Number of protein chains: 2
Amino acid sequence: MGENLPGDAVENGKKSPRTPKHWELKERLAELLRVVSPGGSLPGERALASEFGVSRTTVRKALAELTAEGRLTRVHGSGTFAGEGKLTQRLQLSSYTEDMRSHGRRPTSSLLDARIGAADPELAALLGIRSGDDVLRLRRLRRADGEPMAIETSRLPLARFPGLDRYVGDGSLYGVLYQHYGVELGHAEETIETALATPAEAALLGNEAGALMLLLSRHSFDTEGRPVEWVRSVYRGDRYKFVATLVSPRPSEQSRRA
Amino acid sequence: MGENLPGDAVENGKKSPRTPKHWELKERLAELLRVVSPGGSLPGERALASEFGVSRTTVRKALAELTAEGRLTRVHGSGTFAGEGKLTQRLQLSSYTEDMRSHGRRPTSSLLDARIGAADPELAALLGIRSGDDVLRLRRLRRADGEPMAIETSRLPLARFPGLDRYVGDGSLYGVLYQHYGVELGHAEETIETALATPAEAALLGNEAGALMLLLSRHSFDTEGRPVEWVRSVYRGDRYKFVATLVSPRPSEQSRRA
DNA sequence: GGACTTGAGTGGTTTAGACCATTGCGATTA
DNA sequence: TAATCGCAATGGTCTAAACCACTCAAGTCC
């Protein structure tokens, strides 16, 4: 991970951009990191500062970037350690549970809360209901091997699934939808973007506020094209990687442009 | 964008986590930002610092996060401005060019360099060649309406496409592959993860080093399943959002778990 | 008019130092 | 033995201050 476009540094003909110290330090630390096995510890911030002859602030800036990239783990009061690498999540309508299992991890999921509220106009449009109609909001914490990985917030139209709030638990939502309402999922549209962790998310995920996250929204429809749920999931950016397998569109399209 | 899990702040029963100042400031600035039209300017860092009674460092930390989220644009020597929102890229084998056009943007693409080198074992495996075989590396800068958006680095096996280096230019690579070699793309596997900008990338994208990026790798195969190219693209995280439309797997799978 | 210089204002980097919060362990105590 | 306390080390936050690099417009010069 982290290909560095070797060779051609940066051809900005005129002024040398004067590489910041914290970047140079980051590279030296990355080098150091290559000989530390995952989980191994690094010297403290103060030690690094005097070791490299820079201020602690500069050290922290370098460490912060490495942490954001998932190459470091920092534990308050304990130390700084080499990172573990990323999990991947296949980008398709498969479930979190299936995915984790196929990676040999033990997935668990706990329901944080389930509450009923009124849909605002935007949400109503997404769920195909009227503004003000009841919506069930579910928040789940997803874990892999006991470690918090993602927070998932689903919203479903209660009118279509009366009593749904009584059926949901830590188990499978899609299972409940199928067994009690006969609903099967058809297609979905997902978007993926970057985000930073809010303090609440950070607290649940064992993260720091402001950490790099992947924000995934999913708009799911049943096999008849009716909207079923709208989900926003926040994954730890230092832990996750999404995978999609794609098939080609009509070949005629391809040859035109790229 | 930015749903804040309202209500339940953080139920950590014991100690109040003592919200950092820079976070509180961030929220106040976000509030301020709601009444500033996109492109509008904010007060300078020093002004904000004295305005809110904090140090400039703290202001900068808050501004840095808002910038990473794409809600702010900062211009060295000029000022801090309200952000513009994100573009989206459809997650399928469609081309960058098509995508931008469908969003009403004018896409351009320029070839930064094309060079031939030897494949390392990992790359050789990806491209289905022997370690040490010649590989053509192309680097492109993608723009939308003239603004740098992404850097794309493709690698193709030269043995399969002899003379390819003489055909490529600012135009369509896939077009060249089709016209000169009769190659059409079949499926591809993509991964998406977060990354931070290297100084070189930042310089090309008009970004700052360490900015939030989306790193997309694509491994493409032709219609007969032979590997065609391996691409790593770095998109500006404050500008991009990826979109995927998904179809359901076998319905029987769904009902089991979620 | 056009090109150049200058300087004020902006964000970017770095420092040194202070203090806080958490952790983990060894010493102490019940 | 088991629980508790205290302390040292670690990372986290914040400050005040200095200097750098870039931008832009006003002023100057040709």
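Every heavy atom of this structure was used, including side-chain atoms; hydrogens, water molecules and symmetry mates were not. Numbered from 1 within each chain, the chains take letters A, B, ... in sequence-line order. This structure is a prediction, so every number in the text was calculated from the model and none was measured.
For the pair A:Glu45 and A:Arg74, the salt-bridge criterion is met [side-chain N within less than 4.0 Å of a carboxylate O]. Ionic pairing of A:Asp165 and A:Arg115 is not present here: no N-O contact between side-chain nitrogen and carboxylate oxygen is shorter than 4.0 angstrom.
A:His22 places its NE2 atom 11 Å from the P atom of C:dG12, with the value rounded to the nearest Å. If you measure from atom CZ of A:Arg60 to atom P of C:dG17, you get 18 Å, rounded to the nearest angstrom. Distance B:Leu42 CG to C:dG9 C1': 16 Å, rounded to the nearest Å. As rounded to whole Å, 13 Å separates atom P of D:dA21 from atom NZ of A:Lys21. Nucleotide D:dT13 holds its C1' atom 14 Å from the CD atom of B:Glu24, rounded to whole Å. In this structure, the CZ atom of B:Phe81 is 13 Å from the C1' atom of D:dC22, given to the nearest Å. If you measure from atom CZ of B:Arg74 to atom C1' of D:dT23, you get 15 Å, rounded to the nearest angstrom. Atom CD of A:Glu65 is separated from atom C1' of C:dG12 by 13 Å (rounded to the nearest Å).
Taking every side-chain heavy atom of A:Pro20 into account, C:dT13 is the closest of C:dA16, D:dT15, C:dT13.
Here A:Thr58 lies in heavy-atom contact (under 4.0 Å) with sugar-phosphate atoms only.
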Would you mind writing out the side-chain donor-acceptor pairs for residues 28-38 of chain B within the sub-3.5 Å range, not counting sequence neighbours?
none

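Remark: side-chain polar atoms of B:Thr73 are not paired, donor with acceptor, to backbone N or O of B:Gly83 under 3.5 angstrom.
Contact check for A:Lys21 versus A:Ser55: no side-chain heavy atoms found under the 4.5 Å cut-off. Under the 4.5 Å side-chain criterion, counting only non-hydrogen atoms from C-beta, A:Glu69 is in contact with A:Lys26.
In summary, the aromatic rings of A:Phe242 and B:Phe242 are positioned with their centroids too far apart to meet the 6.0 Å limit.
OP1 or OP2 of D:dC14 has not a single side-chain nitrogen or oxygen of B:Lys61 nearer than 4.0 Å. Side-chain N/O atoms of B:Arg56 include none lying less than 4.0 angstrom from OP1 or OP2 on D:dT15.
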Check nucleotides 8-10 of chain D against the protein and report each pair of N or O atoms closer than 3.5 Å, with its distance, or say if there are none.
| residue | atom | partner | partner atom | Å |
| --- | --- | --- | --- | --- |
| D:dT10 | O2 | A:Gly77 | N | 3.4 |

